[in-house]
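Report on the structure given below.
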Amino acid sequence: GEDVEQSLFLSVREGDSSVINCTYTDSSSTYLYWYKQEPGAGLQLLTYIFSNMDMKQDQRLTVLLNKKDKHLSLRIADTQTGDSAIYFCAEILSGSSNTGKLIFGQGTTLQVKP
Amino acid sequence: SAVISQKPSRDICQRGTSLTIQCQVDSQVTMMFWYRQQPGQSLTLIATANQGSEATYESGFVIDKFPISRPNLTFSTLTVSNMSPEDSSIYLCSVASGVYEQYFGPGTRLTVT
């Protein structure tokens, strides 16, 4: 079935690395996404990874995909107070690649302490 | 990436009334979607807005409650009809740009009293 799970809360100190984890149940996922939602704002697409990739790096962001364990992670290096937000993991299923339907996790609230 | 705007940004409405939310994109896009984010919750797809034909609704959402229009490739509206307090949510428009990139508007924060 369609299910994406994330831990609800993560607290880190400024300058540390943050790792936000996500698990999904459907092995037919084609693309997996990370979105950021700041308070009172919409969703910002941070990055995405195709299911045949293991890793994708974009500046301070590193996405790791373990397809065997159906586990996705987002690492933020040198975390800043401006990174405080809710981070959503999402997947698009192979059957939905033409429809664009995204399945979202519950979101992880990242708190960055100065 | 596409630039998406929504109107209104927020509203407080009385029970039993209806509200129409507008979504405008700065470029022509094939796919437009409407999502709901209930307080403290994740996002759920309401429907896909199809240009020139009826919207495609997800399970649990019906046209009578959430009528959608898509008159062209840059604009769509979502109406929340006969509102109740349970409809208090953030309603977000999104568009698919490129093959697998999906971008979201800023959202409309609806409170029903």
Side-chain angles (χ1 to χ4, degrees), chain A residues 1-9 20 22-25 28-53 56 58 63 65 72 85-109, chain B residues 1-10 21 23-25 29-51 53 55-61 70 76 89-111:
Chain A
E2 308 166 355
D3 199 11
V4 179
E5 295 196 358
Q6 304 176 234
S7 53
L8 295 182
F9 187 77
I20 302 170
C22 170
T23 58
Y24 58 98
T25 55
S28 67
S29 296
T30 53
Y31 278 85
L32 295 124
Y33 301 80
W34 285 105
Y35 284 89
K36 176 184 180 183
Q37 186 177 38
E38 297 184 65
L43 270 70
Q44 175 192 353
L45 177 61
L46 287 178
T47 187
Y48 60 94
I49 188 169
F50 189 47
S51 57
N52 68 354
M53 298 170 64
K56 182 178 180 182
D58 184 2
V63 178
L65 176 60
L72 182 75
I86 302 175
Y87 291 80
F88 289 95
C89 167
E91 63 175 346
I92 191 165
L93 306 180
S94 62
S96 300
S97 58
N98 293 328
T99 67
K101 177 181 177 180
L102 290 174
I103 309 297
F104 282 87
Q106 315 94 302
T108 299
T109 298
Chain B
S1 65
V3 177
I4 306 166
S5 60
Q6 286 186 233
K7 288 181 185 179
S9 58
R10 62 177 66 239
I21 303 167
C23 177
Q24 180 77 52
V25 192
V29 292
T30 306
M31 306 183 86
M32 294 181 77
F33 309 91
W34 287 99
Y35 285 82
R36 181 176 73 181
Q37 185 180 22
Q38 294 178 298
Q41 302 294 315
S42 185
L43 283 82
T44 302
L45 180 64
I46 297 171
T48 302
N50 300 310
Q51 196 263 329
S53 64
T56 304
Y57 290 84
E58 295 297 306
S59 175
F61 298 96
R70 176 109 189 257
S76 178
S89 295
I90 302 173
Y91 292 86
L92 298 113
C93 165
S94 75
V95 303
S97 176
V99 180
Y100 292 112
E101 296 177 359
Q102 197 168 129
Y103 297 95
F104 284 79
T108 296
R109 282 150 185 80
L110 171 62
T111 302

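So that the names make sense, note that chain A is the first sequence line, chain B the second, and so on, each numbered from 1. FYI, side chains are in, hydrogens and waters are out, and symmetry mates aren't considered; it's all heavy atoms of this structure.
- Heavy atoms closer than 4.5 Å to chain A are found in both the backbone and the side chain of B/L43.
- Residue A/L102 touches chain B through both its backbone and its side chain, counting heavy-atom pairs closer than 4.5 Å.
- When heavy atoms are compared at a cutoff of 4.5 Å, B/R10 does not approach chain A at all.
- Every residue was checked against the ring pair (Phe, Tyr, Trp, His ring centres under 6.0 Å) condition with A/F9, not counting sequence neighbours, and none meets it.
- Between B/T44 and B/E58, the closest side-chain pair of non-hydrogen atoms is not below 4.5 Å.
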Under 3.5 Å, side-chain donor or acceptor atoms of residues 38-51 of chain A against the rest of the protein: list the pairs with distances, not counting sequence neighbours.
{"from": "A/Y48", "atom 1": "OH", "to": "B/E101", "atom 2": "OE2", "distance (Å)": "2.8"}
{"from": "A/S51", "atom 1": "OG", "to": "A/S29", "atom 2": "O", "distance (Å)": "3.4"}
{"from": "A/S51", "atom 1": "OG", "to": "A/T30", "atom 2": "O", "distance (Å)": "3.2"}

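- Put simply, the side chain of B/Q102 does not reach to within 4.5 Å of the side chain of A/Y33, judged on heavy atoms.
- Between B/P8 and B/T108 there is a side-chain heavy-atom pair separated by less than 4.5 Å.
- For B/Q6, no part lies near chain A; criterion is any non-hydrogen pair under 4.5 Å.
- Among B/G107, B/G105, B/S42, B/P106, the residue with the largest count of heavy-atom pairs under 4.5 Å with chain A is B/S42.
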